[in-house]
Structure formats: structure tokens, C-alpha cells
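Here is how names work: the chains are called A, B, and so on, in the same order as the sequence lines, proteins then strands, and each is numbered from 1. It should be emphasised that the depicted structure is a prediction, and the values quoted were computed from it without experimental measurement.
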2 protein chains.
Amino acid sequence: MYTVSDTMNTQFKKGVLELCVLVLLDRKDCYGYEMVEEISRNIFISEGTIYPLLKRLKTEGLVISYLKESQDGPPRKYYQITELGKEKKEKLVAEWNEFAMGVSNLLYNRNVDMEGNCDE
Amino acid sequence: MYTVSDTMNTQFKKGVLELCVLVLLDRKDCYGYEMVEEISRNIFISEGTIYPLLKRLKTEGLVISYLKESQDGPPRKYYQITELGKEKKEKLVAEWNEFAMGVSNLLYNRNVDMEGNCDE
DNA sequence: ACAAGGTACCATATATTGCAAGGTACTATT
DNA sequence: AATAGTACCTTGCAATATATGGTACCTTGT
């Protein structure tokens, strides 16, 4: 197993795993177990997390799913991103970048906006 | 008010606001309202968020507090980071950097570790 | 004197979501 | 037949950001 350190703050992942799944599915159709392996290369994710998440995404119409048999194990449930899912993905990527930059600015004491030119 | 777009994903902030508060307090003592203003320059934060957070940090011994009068308003409750808080801050900063890099790798399809040299 | 608005604090209830723990079932290997 | 790996799923729990509503002080305008 790949397993990045599982000491990683659980809270940090909130909302981000959804983004990660959508990004993966935008590249190619995947099944749940596969996505856990993929994501686990970079950030720790529990298997118990992915299935409720995928269910949510399906309910929200961001993905659809189809079954496919496998030679080495039980049938796999592949997920495919929808147009709505792609839009959501783009939005989340943008929000993530804005957020990560904001945090970075805070950590490095860079106050980007209005530094002396604040008209108020 | 500074107000970064409040459409920013609420979930992204989970755990990060604690990090932000500790970073600010590592620079100088602050009172709650002040921290909301500081943080709001970079990421949206609601006032209702900071006080339960500060209470938690105090309970965990990461900060201490003292009252100070103010000429223009009610007395301010200043918070000061403790040694334990500084350690926690360092740990969170490291975890955040690891996490943010992991997400970035996933978004940009960079598989850093074990690419062909996985002995298993 | 009094109302309004800004400053500054606080508590409670709610929603979201990651995870642990437990379960089912198929296939291949021992 | 037993074990291990693959692959799916559900339930209950824990953590935390926010909305909402509240208290109280100070200044300014009327």
C-alpha cells in the first residue's frame, strides 16, 4: 500500500477529497477502490470515506456509474463525471487555488490586497 | 470591511483556521475581533467562528488570555501563544505544507513517490 | 437624553464530512 | 478448506465552521 503518513490532519481534507475525486474522474473513468489507491499516493484516505462520498456525488448528479466485470475479483463500479460534475470541478479548483493562496499569504505575512490604497 | 468572497468552500477551512490563529499569535498577542479582521484579508471568516475556536485553544493549553481595557469600546481579551501552542503551530504548518503539496500533485497529475521503483 | 452604529465579547444549535469498524462476496493461492 | 487480496457497502462518531442571537461599551447625531 502507498500510504502517506496518516498523522495528516483529518480536518484539512474536508471538502478537498471531493475535489480530488472529480479531478481524477475528469481524466478517466475510475472505480472506487482504484481512486483510493490513486489518492493515497499523495494524501491519506480511508476506504470508508470514498463510498459515501461517491454516493453523494451521484445523488448530486455530478457523476454517473456503471458496472463492469473483472477477471480478478468482484465486478467493479465505474464512475464517470457528468457535465455538471465538470463545472463543479472547475469551480472547486478555482476556489481551492484562491483558498490555498490566501492561507499561504497569511502564513508568510503577505497582505496582498489594499496595502495603502484602501479608499475607506 | 475586507471580505474575501464568502462563496469560498466552508469545508476547506476545517482545521486551517486553527493554524491561522496560531500563526497570528506567534507574531503578536491579539484579541479575537482583531484576528477576524486580519484573517478576513485573506480568507473569509465569520465572527461566530473565532470565539469557540479560541476557547478550544485555551482549553488545550495552546494559548492563554488576559484582559486589557480599551478607549474605544469594551475591554479586549488578548490571547498569547504558549510553548505548547508554538509546537502545535510548527506541526500544523508542516502538515499543511505536506497536505497542500499532495493536493497540488493530484491536481497536476504529478505522482511524486514510487514511479517504477516500487519494490512491492 | 436617547437612538444608532461600531467595537468587542459570548453561547447554542446545525450541517458537513472524514473515518473507524464492521460486513458481504468474488477470485486465486496455499 | 483456509487465507489473502480485490471490491463493494453501511452505520455511528467526532471535529469544526457558521448562523443566529445575545450582552455591553463608546461615540456621534439629533
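Side-chain atoms of B:Asn97 come within 3.5 Å of backbone atoms of B:Val93 as a donor-acceptor pair (strictly under, hydrogens ignored). Looking at B:Ser40, its side chain does come within 3.5 Å of a backbone N or O of B:Val36 through a donor-acceptor pair. Between the side chain of A:Glu18 and the backbone N or O of A:Gly15 there is no donor-acceptor pair closer than 3.5 Å.
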With side chain to side chain contact (heavy atoms under 4.5 Å, CB included) as the criterion, how do A:Ile43 and B:Phe99 come out once you've worked through the C-alpha distance, each side chain's angles and the decisive distance to 0.1 Å?
CA-CA 7 Å; A:Ile43 56 182; B:Phe99 176 71; 3.8 Å; yes
Stepwise side chain to side chain contact (heavy atoms under 4.5 Å, CB included) check, A:Thr10 with A:Phe44:
CA-CA 9 Å; A:Thr10 294; A:Phe44 179 82; over 6 Å; no
Using the side chain to side chain contact (heavy atoms under 4.5 Å, CB included) rule, take B:Tyr79 and B:Ile64 through it: C-alpha gap first, then chi angles, then the decisive distance, then the call.
CA-CA 6 Å; B:Tyr79 289 86; B:Ile64 56 173; over 6 Å; no
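Residue contacts for A:Glu47: at a heavy-atom cut-off of 4.0 Å it reaches a base atom on one of the strands shown. In this structure, B:Gly48 reaches the bases: a heavy-atom distance under 4.0 Å links it to at least one base atom across the strands shown.
The residues A:Glu83 and A:Lys88 are annotated as not salt-bridged, no charged nitrogen and carboxylate oxygen being separated by less than 4.0 angstrom.
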Tabulated below should be each protein N or O lying under 3.5 Å from an N or O of nucleotides 12-16 of chain D; please produce it.
unit_1, atom_1, unit_2, atom_2, d
D:dA15, O4', A:Gln11, NE2, 3.4
D:dA15, O3', A:Gln11, NE2, 3.3
D:dT16, O2, B:Lys14, NZ, 3.3

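Rounded to an integer number of Å, the gap from A:Lys68 NZ to D:dC8 P is 13 Å. What separates CD of A:Glu37 from P of D:dT6 is a distance of 7 Å, to the nearest Å. Rounded to an integer number of Å, the gap from A:Leu57 CG to D:dC9 P is 13 Å. As rounded to whole Å, 14 Å separates atom P of C:dT17 from atom CD1 of A:Ile45. Protein atom CZ of A:Phe44 is 10 Å distant from nucleotide atom C1' of C:dA20, rounded to whole Å. The nearest whole Å value for the distance from the CD1 atom in A:Ile50 to the C1' atom in D:dT6 is 15 Å. In this structure, B:Leu67 places its CG atom 10 Å from C1' of C:dC9, rounding to the nearest Å. We find that CD of A:Glu69 is positioned 14 Å from C1' of D:dA7, with the value rounded to whole Å.
Listed candidates were D:dT18, D:dA7, C:dC19. Nearest to the side chain of A:Tyr31 is D:dA7. You'll find that the side chain of A:Tyr51 is closest to D:dC9, out of D:dC9, C:dC10, D:dT18.
For B:Tyr33, a side-chain nitrogen or oxygen approaches OP1 or OP2 of C:dT7 to under 4.0 Å. Contact between the side-chain N/O atoms of B:Lys55 and the OP1/OP2 oxygens of C:dC10 is not found at any separation under 4.0 Å. The shortest distance between the side-chain N/O atoms of B:Ser46 and the OP1/OP2 oxygens of D:dA19 is below 4.0 Å.
In this structure, A:Leu25 CG and A:Leu54 CG are separated by 7.5 Å, a value rounded to the nearest 0.5 Å.
A:Lys58 pairs by the side chain to side chain donor-acceptor pair (under 3.5 Å) definition with A:Ser65, not counting sequence neighbours.
Applying a 4.0 Å cut-off to non-hydrogen atoms, the residues of residues 73-84 of chain B that approach DNA chain C are B:Pro74, B:Arg76, B:Lys77, B:Tyr79, listed by residue number.
Figure legend: cation-pi geometry between A:Lys77 and A:Tyr31 absent, as NZ or CZ is not positioned both under 6.0 Å from the six-membered ring centre and within 45° of its axis.
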